[in-house]
Amino acid sequence: MKRPKSARWARGVREVGDRLVAWFEREALDLPWRRTRDPYRIWVAEVLLQQTRVEQARPYYGRFLAAFPTIEELAQARREEVLKVWEGAGYYARAHRLHEAAQFLIHRRQGKLPSEVEEMEQLPGFGPYTSRAVAAIAFGVPVVALDANALRVLARLFLIDPSGGKTAPRAEALGRQALGGHPPRAFNEALMELGQRYCTARSPRCGACPLARRCAARQELPDPGAFPPRRPRPVRPRVEAAVGLLEREGRWLVGQRPPGGLLGGLWEFPGGKLKPGESAEAAIIREFREEAGLRTSVVEHLGDVEHDYSHFHATLHVFRLAGTKGTGHPLGVERTLRWVTARELPALPLPTATCKMLVWVSPRTSRGSGSRRGRSSASGRAAPARPRARAHARTLRP
DNA sequence: GATTCGTGGTG
DNA sequence: TCACCAAGAAT
């Protein structure tokens, strides 16, 4: 049972929009994707920024557009080239979909993005947020793009009742009222930037917020930062896996991960998860037999790499292997395997965890290799032949 | 609605 | 230190 809001309430909503846009016009950050009106560039920025902080996305933006300045050049690129530029950014399905959508637009839409939300939502990688963000920012369509920031800011400003799961539609309706006749680009970017800089998830800086006096949560709640209530996140399970580095005639065996899943399309050293009760050594011998049809033996335990993925934490036990027989082709497994030189390796798109292992594959130099073969003790007292990976070791990303 | 998709910064 | 979280989408 809801009664019509009063005219006074509606005026308050519009004033929030006025103050928000006024603040943004005074203090907006100078971000690279705000220096263009090219829909393609705005699209690329929005995809890069999905679940990604501004400072992490920033270098990729320039790099990506230098490599693929237009939709057509992106569409004509090979998928692996796109993934290589995306390397390290995470959520690699974004790169696949960006590339796929570019090819669709070239072939079916004369290389032009549609300006309507409903049409954009049909494109790969365009969800509710990205479609509205590109529509508003690139085409001036008066819609509200609800990312996590905008949703949180609107929920707090208007103290939207979190029960019943109607927060998003209510936030969108209120946002649309607050938008009024303001430029959709400024309004939407303002909403997100306020959430990024002041109305943060955990400890909002209400004391410095330009909308504090208009904020219902600030006025009525003892702890606005606790609103809206957050769902507890599932705990990340711990996974143990073994990885094998096998060199033959100056080339290393690498496999390409299937598209669509974790790290889709990226290349890595073969390996796999330990089975219950299985040792890492046994696991890596088994994996090479199953995945590559190779009989191998462990030469050396090079070290362990700790790495966090989106929804689990992994310990990767890395071994140098020696191969005896076999050509290294998969046994019925649809898994692309290749032998590549150490020089070719950095040209492939590699996961961050694999980059951490490149210290063990550095090209042979006359002074470096082969001098020491002693086991490196766990205590680290005996100098290891090569650097041991440690948690948070510097990643070599060429 | 709940899961699966990376990575790096931070309080 | 370490759990939390960031300009979400797809299934």
Side-chain angles (χ1 to χ4, degrees), chain A residues 28-29 31-34 42-61 83 86-98 100-101 120-138 144-153 164-168 185 187-197 199-205 225-226 230-239 257-266 268 306-314 349-356 391-392 394-395 397:
Chain A
L29 298 177
L31 302 175
W33 42 87
R34 291 182 178 168
I42 291 165
W43 168 28
V44 169
E46 288 305 330
V47 175
L48 271 171
L49 286 162
Q50 288 170 7
Q51 296 289 285
T52 305
R53 294 174 191 279
V54 164
E55 290 313 315
Q56 188 182 346
R58 190 198 288 265
Y60 284 92
Y61 177 76
L83 286 172
W86 207 267
E87 181 188 275
Y91 286 140
Y92 298 93
R94 295 183 295 174
H96 288 271
R97 293 168 186 148
L98 198 48
E100 189 183 349
M120 269 190 265
E121 283 187 315
Q122 306 303 314
L123 299 170
F126 281 76
Y129 166 77
T130 303
S131 299
R132 285 164 180 76
V134 174
I137 296 171
V144 180
L146 287 183
D147 74 325
N149 284 316
L151 189 61
R152 183 178 63 250
V153 168
K166 299 280 190 181
T167 303
R185 174 176 192 158
F187 179 84
N188 279 281
E189 291 184 335
L191 213 46
M192 293 188 279
E193 186 166 323
L194 191 81
Q196 176 208 335
R197 294 173 59 186
C199 197
T200 59
R202 280 192 283 185
S203 48
R205 302 166 50 207
R230 298 180 279 276
R231 280 194 317 104
R233 298 195 167 195
V235 291
R236 287 191 192 192
R238 176 168 290 276
V239 168
R257 298 184 59 88
L262 181 72
L263 308 170
L266 275 58
E268 64 183 6
E306 299 288 328
H307 192 73
D308 291 310
Y309 296 90
S310 49
H311 56 295
F312 63 93
H313 174 83
L350 306 174
T352 294
T354 301
C355 290
K356 292 178 180 176
H392 312 304
R394 179 190 301 271
T395 301
R397 201 182 283 291

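Numbers restart at 1 for each chain; the letters A, B, ... are given by sequence-line order, proteins then strands.
- Regarding contacts with the backbone of dG8(C), a side-chain N or O of Q51(A) is found under 4.0 angstrom from either OP1 or OP2.
- Across the protein-nucleic acid pair, R185(A) atom CZ and dA7(C) atom P stand 18 Å apart, rounded to whole Å.
- Ring centers of Y309(A) and H307(A): under 6.0 Å apart, within the cut-off.
- Between atom CG of residue L263(A) and atom CD of residue E268(A) there is a gap of 7.0 Å, rounded to the nearest 0.5 Å.
- Counting to the nearest Å, the C1' atom of dT7(B) and the CG atom of L49(A) are 14 Å from each other.
- The closest donor-acceptor contact from the side chain of R94(A) to the backbone of A89(A) lies under 3.5 Å.
- Of the candidate nucleotides dT4(B), dA7(C), dG8(C), dA7(C) has the atom nearest to the side chain of W33(A).
- In this model, a side-chain donor or acceptor of Y91(A) finds a partner on the base of dG6(B) within 3.5 Å.
- Sequence order on DNA chain C of the closest nucleotides to A45(A) and G125(A) puts A45(A) first from the 5' end.
- Taking only side-chain nitrogens and oxygens, H307(A) never comes nearer than 4.0 Å to OP1 or OP2 of dG6(B).
- Along DNA chain B, the nucleotide nearest G264(A) and the nucleotide nearest G164(A) are compared for position; the residue whose nucleotide lies closer to the 5' end is G164(A).
- Look at CZ on R132(A): it is 13 Å from C1' on dG8(C), rounded to the nearest Å.
- Within 4.0 Å of A145(A), counting heavy atoms only, lies no atom of the nucleic acid at all.
- In summary, E55(A) and R58(A) engage in a salt bridge, as defined by a charged side-chain N under 4.0 Å from a carboxylate O.
- For a distance-only test at 3.5 Å, the side chain of T52(A) qualifies as a donor-acceptor partner of the base of dG6(B).
- If you take atom P in dT3(B) and the same atom in dC4(C), they sit 15 Å apart, rounded to whole Å.
- If you take CD on E46(A) and CD1 on I137(A), they are separated by 4.5 Å, rounding to the nearest 0.5 Å.
- In the set dT7(B), dA7(C), dG6(B), dA7(C) carries the atom at the smallest distance from any side-chain atom of E46(A).
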Protein and nucleotides 2-4 of chain C: nitrogen or oxygen contacts under 3.5 angstrom:
{"residue": "dC4(C)", "atom": "O4'", "partner": "R202(A)", "partner atom": "NH1", "Å": "3.4"}
{"residue": "dC4(C)", "atom": "O2", "partner": "R202(A)", "partner atom": "NH2", "Å": "3.3"}

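- The distance between atom NE2 of H311(A) and atom P of dA10(C), rounded to the nearest whole Å, is 18 Å.
- Within the 4.0 angstrom heavy-atom criterion, only backbone atoms of the sugar-phosphate kind lie near R152(A); the bases stay farther away.
- Between L123(A) and R231(A), the one whose closest nucleotide on DNA chain C sits nearer the 5' end is R231(A).
- For R94(A), counting side-chain heavy atoms from C-beta on, the closest listed nucleotide (dA7(C), dA6(C), dG6(B)) is dG6(B).
- Listed pair S310(A) / dT4(B) fails the phosphate criterion, with no side-chain N or O lying under 4.0 Å from OP1 or OP2.
- A donor-acceptor pair is defined here as one N or O able to donate and one able to accept, closer than 3.5 Å; such a pair exists between the side chain of H96(A) and the backbone of G264(A).
- With contacts defined as side-chain heavy-atom distances shorter than 4.5 Å, the pair V54(A)/W33(A) qualifies.
- Distance check on atom P: dG11(B) versus dA7(C) gives 14 Å, rounded to whole Å.
- Separating the P atom of dT11(C) from that of dG6(B) is a span of 15 Å, rounded to the nearest Å.
- L263(A) comes within 4.0 angstrom of sugar-phosphate atoms only, judged by non-hydrogen atoms across all strands, and of no base.
- Rounded to whole Å, the distance from OH on Y129(A) to P on dA9(C) is 8 Å.
- Distance, L146(A) CG to dA6(C) P: 14 Å, rounded to whole Å.
- Residues Y91(A) and S310(A) have side chains in contact (heavy-atom distance under 4.5 Å, counting atoms from C-beta outward).
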